[in-house]
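Since the model is a prediction, treat every value here as computed from it, not as a measurement.
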Amino acid sequence: EVQLVESGGGLVQAGGSLRLSCAASGFRFQNYAIAWFRQAPRKEREGISCFGSHDGATYVVDSVKGRFTIFVDDNNKTVHLQMNDLRSEDTAQYYCAADEELGCPLSGVLRRGDFLSWGRGTQVTVSA
């Protein structure tokens, strides 16, 4: 069974930075996708980024492009979400998700239902 453990959340001031990490384990196959989602109060869970082990490609969605970046460890099982210039609207519960059936969507649209495995989430709160 795939296990996902998020870490790195916390309270930061607007304009600050934070790095989240997702440690994944239990993959049965070499090809899998690891994504970051976030969910703010009273909002839908939205996809932020995706990493596909098949080709090593990474991307972040347009809404955070230029501020958020993805870094992947050499083992391809730990994905870091570097968040810079944080804003109050970034406040949310951040979740790591994984799927072994499909790679990262070519459309760049990350759908919650496409990912079978989920971590418990880590809270990011941006003050001011």
Treating Asp99 as the side-chain partner and Leu102 as the backbone partner, does any N or O pair qualify as donor plus acceptor under 3.5 Å? yes
Once ring-ring contact (aromatic ring centres under 6.0 Å, His included) is applied, what residue pairs with a partner in residues 60-90 remain, sequence neighbours excluded? none
So Met83 and Ser17, do their side chains get closer than 4.5 Å, heavy atoms only? no
Side-chain donor or acceptor of Glu6 paired with backbone N/O of Cys96 under 3.5 Å: yes
For Cys22 and Leu4, the nearest pair of non-hydrogen atoms, with its separation, is SG-CD2, 4.1 Å
Between Ala24 and Phe27, which heavy-atom pair has the shortest distance, and what is it? CB-CE1, 3.6 Å
Which residues pass the salt bridge (charged side-chain N to carboxylate O under 4.0 Å, His left out) test with Arg112, not counting sequence neighbours? none
Provide the closest heavy-atom pair for Ile70 versus Ser49 in the form atom of the first, atom of the second, distance. CD1-OG, 3.1 Å
Residues at least two apart in sequence or cross-chain that pass salt bridge (charged side-chain N to carboxylate O under 4.0 Å, His left out) with Glu46, listed by chain then number, are Arg38
Smallest heavy-atom separation, Ala33 atom then Cys50 atom, equals CB-SG, 4.2 Å
Can you measure from CG (Leu81) to OG1 (Thr58) and round to the nearest 0.5 angstrom? 11.0 Å
Is there a side-chain contact between Pro105 and Leu110 (heavy atoms, below 4.5 Å)? yes
Salt bridge or not between Asp90 and Arg87? Use side-chain N to carboxylate O under 4.0 Å. no
Tell me if the centroids of the rings in Phe51 and Trp36 come within less than 6.0 Å of each other. no
Testing the 3.5 Å rule here: is there a donor-acceptor pair between the side chains of Asn76 and Ser53? no
Separation of Leu18 CG from Tyr94 OH (nearest 0.5 Å): 9.0 Å
Measuring only between side-chain heavy atoms, which start at C-beta, is Val72 closer than 4.5 Å to Thr78? no
Heavy-atom count check: over 12 atoms from other residues, nucleotides or ligands less than 6.0 Å from Leu116 CG? no
Donor-acceptor check, side chain of Arg45 to backbone of Gln39, threshold 3.5 angstrom: yes or no? no
I want to check something: taking the side chain as every heavy atom from C-beta on, are Ser21 and Val79 in contact at a cut-off of under 4.5 Å? no
I want to check a possible cation-pi pair here: Arg120 against Tyr95, using under 6.0 Å from ring centre and within 45° of the ring axis as the test. no
Taking the side chain as every heavy atom from C-beta outward, state whether Val12 and Thr125 have any pair of such atoms under 4.5 Å apart. no
If we only count heavy atoms from C-beta on, is the His54 to Tyr32 side-chain gap below 4.5 Å? no
Any donor and acceptor pair, going by atom type alone, linking the side chain of Thr91 with main-chain N or O of Val126 inside 3.5 Å? yes
Over all heavy atoms of both residues, which pair between Glu100 and Val2 is shortest? Give the atoms and the distance, please. OE1-CG2, 3.6 Å
Value for CD (Glu89) from NZ (Lys43), rounded to nearest 0.5 Å, stands at 7.5 Å
